[in-house]
Protein chains: 2
Amino acid sequence: MPSEFEKPTIYEVAERAGVSIASVSRVLQNKPGVSEATRKMITSVMQELGYVPSNAARGLAGCRAGIIGLIFPDLDDPSMESGHETLLYFDEIIRGAQRAARQEGIAVLIAATHSASGRELALSIASKVDGLVVMARSVPEVDMRSLATRIPTVLLAADRHISGVDYLIADNEGGAAAVTRHLVEYHKYPTVKFIGGPSNSPDSRARFRGYCKALALANLEVPKSPWMAGDFTEASGRRIAKVILSKGSLPRSVVVGNDQMAFGMMKVLISEGIKVPQEVAITGFDDLPVARYLQPGLTTVRQPMRQLGAESIRLLLVRLGGATSPQSVTLPTELTLRQSCGCVNDDY
Amino acid sequence: MPSEFEKPTIYEVAERAGVSIASVSRVLQNKPGVSEATRKMITSVMQELGYVPSNAARGLAGCRAGIIGLIFPDLDDPSMESGHETLLYFDEIIRGAQRAARQEGIAVLIAATHSASGRELALSIASKVDGLVVMARSVPEVDMRSLATRIPTVLLAADRHISGVDYLIADNEGGAAAVTRHLVEYHKYPTVKFIGGPSNSPDSRARFRGYCKALALANLEVPKSPWMAGDFTEASGRRIAKVILSKGSLPRSVVVGNDQMAFGMMKVLISEGIKVPQEVAITGFDDLPVARYLQPGLTTVRQPMRQLGAESIRLLLVRLGGATSPQSVTLPTELTLRQSCGCVNDDY
DNA sequence: TCAAATAGAGAAAGCGCTTACGTATGCCTA
DNA sequence: TAGGCATACGTAAGCGCTTTCTCTATTTGA
C-alpha cells in the first residue's frame with residue numbers, strides 16, 4: 001500500500017483529545033461510562049481528524065466485521081441470450097439484500113461461484129464476513145455443511161434441509177395453484193396443461209404440486225407428471241412449442257414452469273400464426289421484468305425477489321443476534337394478470 | 001457471536017504441526033524460507049484442520065483486506081416500474097466487476113448510496129476495503145475528494161475530473177455520433193431529432209455532442225440544444241411522446257438519449273397507431289436486454305457494461321499495485337441495429 | 001581445516017481496536 | 001467524619017496475523 005494514504009488511528013484521536021483510547025472507543029460504540037462533555041469533545045476531535053475506525057482492527061478485537069456475504073451461482077451463459085434473464089433474478093435478490101443490510105448498517109459482499117470454485121471461494125468469503133446468504137446450488141452440499149459449522153448461514157430457495165442453517169423460500173406451490181385456478185375457474189378453459197422444468201428442480205416440483213392441487217380442488221383429473229418438461233431456458237421453451245405444434249391439436253391453456261420457457265414458447269407459437277391467448281393461453285412463473293414488455297403481456301406469478309433478499313438478511317441478523325435455532329420461512333408469491341392468459345388487462 | 005462457531009487459528013496449526021506460527025504464515029503466503037518438507041507438512045495440517053486465515057487479522061497486520069468496494073447510486077423507484085431497467089445497468093457493471101475481481105482472488109463489497117447517506121456510507125465502506133469503484137453521482141464531489149485522499153479510487157462514468165482518482169467512461173459521444181450517422185447517411189431521413197436526458201447529466205450532454213458532430217459532418221443544421229428532454233425514465237419518454245403527438249407533425253426519426261425513454265415513446269406512439277419505424281424511426285442508448293424483446297426491436301448503442309466493471313477493477317489493481325499516477329480510460333460503444341431505425345434485421 | 005556465507009526456523013514486536021479490570025473522584029448515608 | 005458506592009476515566013491484555021530480527025545448523029571456498 002503506497003504511503004500516500006494516511007488514516008488517523010484511535011491513538012491520534014485520544015492524544016489530541018487528551019483522553020485514553022478506551023474513552024474514544026467507548027464513544028465510538030455509544031457505550032456508557034463517558035461524561036457528556038468528554039463525549040462531545042471526543043466526537044468533535046474525530047470529526048476534525050476525519051477519523052474512521054479500522055474495520056480490520058475492530059473485527060480482530062472480537063467484534064463484528066459488519067459484512068454479510070452473498071453467494072450465488074454464476075450462471076454464465078454460453079449463449080448470452082438465454083442467461084441474461086436468469087441473472088436478473090439474482091440481481092433482484094441481491095438488491096433486496098443490499099438495501100436491508102444498509103438499513104442495519106452492514107455491508108454486503110457478493111460472490112458468484114463458478115461451478116469449479118464453489119468450495120474454495122465460499123471459504124475465502126467466509127473468512128471475511130459475519131454471516132452468509134447462500135443461493136441454492138451455488139455451493140456443493142458437503143461444503144455447505146462444513147460452512148454452516150463455522151459461520152451462520154441462511155440458504156435461499158433450496159429444498160433439502162441442512163441442520164443448523166436457516167431456510168428461506170418463495171411459495172412456489174401456492175403460486176402455481178393460483179395461476180392454475182385462474183385458468184380453470186375464471187377463464188374456464190377445458191384443458192390446462194403443465195410444462196415443467198428439470199425434474200430434479202425443487203422449484204419445478206413444487207410448482208407442479210401446486211398445479212395438481214388446483215386441479216384436484218376443481219375436481220379435474222390430476223396427472224401423475226408434467227405434460228412436458230424443459231430445462232427452464234428459453235431455448236427449451238421454443239423446442240417444446242415446436243413439439244406441441246407437430247402434435248396437431250393444441251391445448252387450450254398451458255401453465256409453464258417459468259417465464260423464460262414461456263417466452264420461448266410464445267415466440268414460436270406466434271411466429272407460426274397461432275394466436276395467444278385466443279387459441280392458446282399461456283402463463284409463466286417469476287415475473288421477470290421483460291414479461292410485461294412482451295406482446296401479449298405475460299400472465300405470471302411474481303416471486304418476491306427483493307423481499308427474499310431482505311428477509312435473508314433479517315434471518316441472518318436474528319441468527320447473529322444469538323438465536324441458536326434456525327428458522328424456516330416461506331414468502332408468498334403473487335398472481336400477476338396480463339394478457340397472455342386471456343385477460344384484457346393493460347398493465348398501465 | 002455465539003460460541004458455537006469455532007475457527008482454528010494459526011496457533012493451532014503451528015502447534016499441531018510442531019512449528020512456529022512464523023513458518024505457518026510463510027507457507028500461507030508462499031514465501032521462501034521454508035523447506036519443501038515442512039511446507040508440505042504444514043499444508044496438510046491446514047487441510048486437516050480446515051484452517052482459513054482470519055481476514056481481519058491479516059488486514060490489521062498490514063496486508064490487504066482483499067476486498068474492493070463498489071459504490072453506486074440507489075435509484076430507488078417510487079414507481080418500481082420505471083426504475084427497474086436503470087438498475088439493470090448497474091447490475092451489469094457489478095457483474096463485470098465481480099467476475100474480474102474473482103479472477104484476481106479478491107472480493108467485492110457493494111453499496112448503494114441513498115441520496116442522503118452518501119458520505120457516511122462511503123466512509124464506512126472505505127474502512128472495510130482496499131480500494132473503491134464509485135459510480136458517478138453516488139457520492140457528492142466534496143466527499144469524493146476526501147475519499148480519494150484516503151483510499152485508491154476509480155470513478156465510473158463521471159465527467160468532472162478530481163485529482164488523484166482514475167477515470168473510466170464509455171464513449172457516449174462516439175456512440176451517439178454513430179447512430180446519428182446511421183439515420184442520416186444510411187436511411188437518409190430528412191429529419192433527425194435528439195431527445196436528451198437531464199441537462200446536468202454528463203452522459204446526456206456527451207450524447208448530444210456526438211449527435212451534433214454527426215450532423216455537422218453531414219453538413220446539416222446543428223441545433224443549440226436537444227429538441228426535447230426527459231429525465232431518462234420510461235415515464236418521461238411517454239410524456240414526451242404525447243407532447244410530440246399533440247404537435248401535429250412528426251419528425252421522421254428521433255435519436256433518444258437512452259433506452260428507457262425510447263421504450264416509453266415507442267409504447268405511446270404505437271398505441272396511438274403510429275407505425276415505428278415506417279412513420280417515425282426511433283433509436284435508444286444503452287442496449288438494455290429488453291431492447292431486443294420489443295416490437296420492433298430497438299436499434300440502440302451498446303454500452304460495454306460488463307467491460308466497464310471489469311476494467312474498473314483492473315485500474316484499481318494497477319493503482320493498488322503502487323502506480324501513483326491515475327489513468328483515464330474510455331471504452332468504445334457499439335451501434336446495435338435492430339428494426340426500430342428502419343433496418344430489417346431479425347436478431348435471431 | 002577453518003572462517004564465512006547461507007538456508008531454515010523461531011522469538012517477539014506490533015497492526016488498531018475492544019474490554020475486563022483498576023483507580024481516582026465525588027456524593028451520600030449512618 | 002468514616003465508610004460505601006456510583007461514576008468517569010485510564011491501564012493493559014489480548015484478537016490472529018505479518019514481519020523483522022536473531023539464532024542455529026549446514027554448506028561452501030580457499
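Here is the naming used below: chain letters follow the sequence lines, and residue numbers restart at 1 for every chain.
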Can you name the nearest heavy-atom pair linking B/V129 to B/I151, along with the distance? O-CD1, 3.4 Å
Taking any heavy-atom pair under 4.0 Å as a contact, classify B/T9: base, sugar-phosphate, or nothing. sugar-phosphate
Take the protein atom CD of B/E12 and the nucleotide atom C1' of D/dG16, then report the distance between them rounded to whole Å. 11 Å
Hey, does A/V24 have a side-chain heavy atom less than 4.5 Å from the side chain of A/V19? yes
Rounded to whole Å, the CD1-P distance (B/I10 to D/dG14) equals 18 Å
Distance criterion of 3.5 Å, no angle test: do you see the side chain of B/Y11 paired donor-to-acceptor with the base of D/dC15? no
On a heavy-atom basis, which atom in A/L316 and which in A/L132 lie closest, and how many Å separate them? CD2-N, 3.5 Å
Is there a side-chain contact between A/E92 and A/Q303 in this structure, where contact means two heavy atoms from C-beta onward sitting under 4.5 Å apart? no
Any donor-acceptor N/O pair under 3.5 Å between C/dG8 base and B/R26 side chain: no
From CG of B/N30 across to P of D/dT18 the rounded distance in Å is 12 Å
Distance alone, cut at 3.5 Å: any donor-acceptor contact between the side chains of B/S25 and B/Q29? yes
Looking at the side chain of A/A22, which of C/dC15, D/dC15, D/dT11 is the nearest nucleotide? D/dT11
For B/S20 and B/A14, the nearest pair of non-hydrogen atoms, with its separation, is C-CB, 3.8 Å
Which pair of non-hydrogen atoms, one from B/A107 and one from A/K128, has the smallest distance, and what is that distance? CB-CE, 3.9 Å
Given C/dC17, is OP1 or OP2 found less than 4.0 Å from the side-chain N or O atoms of A/S54? no
What is the distance from CG of A/L49 to P of C/dG16, rounded to the nearest Å? 14 Å
Round to the nearest Å and state the distance from B/N55 atom CG to D/dC17 atom P. 11 Å
Note, A/V52 side chain near A/K7 side chain (heavy atom, < 4.5 Å): no
Between A/I42 and A/Y51, is there a side-chain heavy-atom distance shorter than 4.5 Å? no
Can you check the A/I21 CD1 to C/dA20 C1' distance for me, whole Å? 13 Å
d(CG, A/L60; C1', D/dA13) in whole Å: 14 Å
Of all the nucleotides listed (C/dT18, C/dG16, D/dG10), which has the minimum atom distance to the side chain of A/S20? D/dG10
Counting only side-chain nitrogens and oxygens, does B/Q29 get under 4.0 Å of the OP1 or OP2 atom of D/dT19? yes
Inter-end axis angle, the helix from C/dT1-D/dA30 to C/dA30-D/dT1, with every axis fitted to five base pairs (rounded, 10 degrees): 40°
Mind checking B/S23 for me? I need base, sugar-phosphate or nothing, with any heavy atom below 4.0 Å counting as a touch. sugar-phosphate
Reading DNA chain D from 5' onward, which residue's closest nucleotide shows up sooner: B/P8 or A/G18? A/G18
Please list, by residue number, the residues of residues 31-44 of chain B whose heavy atoms come closer than 4.0 Å to an atom of DNA chain D; answer none if no residue qualifies. B/K31
Touch class at under 4.0 angstrom, heavy-atom based, for A/V19 against every strand present: sugar-phosphate
Once you round it to whole Å, what is the distance between C1' of C/dG16 and CD of A/E15? 15 Å
Looking only at non-hydrogen atoms, find the nearest pair between A/P152 and A/R319 and report the distance. CB-CG, 4.0 Å
